Amino acid sequence: MAFKTNSLNNSISDDGRREFTVKEFKRWLKRFDTDKDGRISKSELRQIVRATGGWFSRWKGRAGMRSADKNGNGYVDECEIENLINFAQKELGVRIIAY
């Protein structure tokens, strides 16, 4: 029996955080874009929190959306990805490195 997982497969830094380049992080986010509209919704963001092993996914999903969705349309658009990167580094235990 095979199990599908959304776990992170990237390298782990010395402090135990998962590391991504910006390009890898964006590619990883696309796996959670279930409706393929190119944006991250609140429910998709909750799935991202769960995939990082985070607790309180509903609360962190709302906090992430407030942090990243600057235009208030209920989605994290391409132009707001930098805000989501900042949230992920602070709250989800990932490190985004610029390569």
Side-chain angles (χ1 to χ4, degrees):
M1 177 186 284
F3 293 96
K4 183 179 177 184
T5 180
N6 286 329
S7 65
L8 303 171
N9 294 323
N10 291 66
S11 63
I12 298 176
S13 66
D14 294 337
D15 61 0
R17 300 173 80 185
R18 303 283 181 164
E19 288 186 343
F20 290 96
T21 63
V22 172
K23 185 176 180 179
E24 290 169 339
F25 186 71
K26 287 180 179 180
R27 190 174 337 124
W28 182 74
L29 286 176
K30 287 182 183 183
R31 294 180 9 193
F32 297 94
D33 183 16
T34 55
D35 56 6
K36 306 297 184 214
D37 64 352
R39 306 179 298 177
I40 300 296
S41 68
K42 189 184 326 180
S43 63
E44 292 165 344
L45 188 51
R46 282 199 339 246
Q47 293 296 322
I48 291 167
V49 172
R50 284 189 198 115
T52 60
W55 290 27
F56 309 108
S57 63
R58 181 170 290 190
W59 179 82
K60 284 189 178 179
R62 280 194 306 260
M65 192 57 68
R66 279 192 309 270
S67 176
D69 181 24
K70 295 302 180 187
N71 65 7
N73 68 351
Y75 295 92
V76 179
D77 304 308
E78 179 67 31
C79 63
E80 299 166 323
I81 291 295
E82 187 66 34
N83 302 330
L84 187 57
I85 288 172
N86 292 334
F87 173 79
Q89 290 188 106
K90 291 177 188 173
E91 301 294 332
L92 302 182
V94 297
R95 175 175 292 165
I96 313 298
I97 51 179
Y99 281 160

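The model shown is predicted, which means the values in this text are computed figures rather than measured ones. Heads up: numbering here begins at 1 and tracks the sequence.
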Query raised in the report: Would Lys42 and Asp69 count as a side-chain contact (heavy atoms from CB on, under 4.5 Å) if you check the C-alpha gap in whole Å, the side-chain angles of each, and the deciding distance to 0.1 Å?
Result: CA-CA 10 Å; Lys42 189 184 326 180; Asp69 181 24; over 6 Å; no
Query raised in the report: Do Ile40 and Glu80 touch side chain to side chain, with heavy atoms closer than 4.5 Å?
Result: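 When only atoms from C-beta onward are counted, Glu80 and Ile40 do not touch, as no gap falls below 4.5 Å.
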Requested in this report: Taking the side chain as every heavy atom from C-beta outward, state whether Leu45 and Leu84 have any pair of such atoms under 4.5 Å apart.
Outcome: yes
For the [atom1] atom of [X] and the [atom2] atom of [Y], what is their distance to the nearest 0.5 Å?
X	Y	atom1	atom2	answer
Ile96	Gln89	CD1	CD	5.0 Å
Thr21	Glu19	OG1	CD	10.5 Å
Phe56	Glu91	CZ	CD	12.5 Å

Query raised in the report: If you take all heavy atoms of Phe87 and Ser67, which pair is closest and at what distance?
Result: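 Looking at all heavy atoms of both residues, the closest pair is CB-OG, 4.0 Å.
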Report task. Give a yes or no on this: more than 12 heavy atoms of other residues, nucleotides or ligands lie within 6.0 Å of atom NZ of Lys30. Result ->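 12 or below, so no.
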Query raised in the report: Would the number of heavy atoms belonging to other residues, nucleotides or ligands and lying under 6.0 Å from NZ of Lys36 be above 12?
Result: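 Correct, the count exceeds 12.
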Query raised in the report: With under 30° as parallel and over 60° as perpendicular, where do the rings of Phe20 and Trp28 fit, or are they tilted in between?
Result: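 The rings of Phe20 and Trp28 sit tilted, inter-plane angle from 30° to 60°.
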**Report entry** Cluster link Trp55 to Trp59, ILVMFWY, side chain under 4.5 Å
**Finding:**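 Looking at the clustering, Trp59 is in the same group as Trp55.
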Query raised in the report: Which pairs with one or both residues in residues 53-68 pass salt bridge (charged side-chain N to carboxylate O under 4.0 Å, His left out), sequence neighbours excluded?
Result: none
If you look only at distance, which donor and acceptor atoms sit under 3.5 Å apart when one is on a side chain in residues 71-79 and the other is two or more places apart or in another chain?
| from | atom 1 | to | atom 2 | distance (Å) |
| --- | --- | --- | --- | --- |
| Asn71 | OD1 | Asn73 | N | 3.2 |
| Asn71 | ND2 | Asp77 | OD2 | 3.4 |
| Asn73 | OD1 | Tyr75 | N | 3.0 |
| Asn73 | ND2 | Asp77 | OD2 | 3.1 |
| Glu78 | OE2 | Lys26 | NZ | 3.2 |

Query raised in the report: Under the salt bridge (charged side-chain N to carboxylate O under 4.0 Å, His left out) test, which residues partner Asp37, sequence neighbours left out?
Result: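 Arg39.
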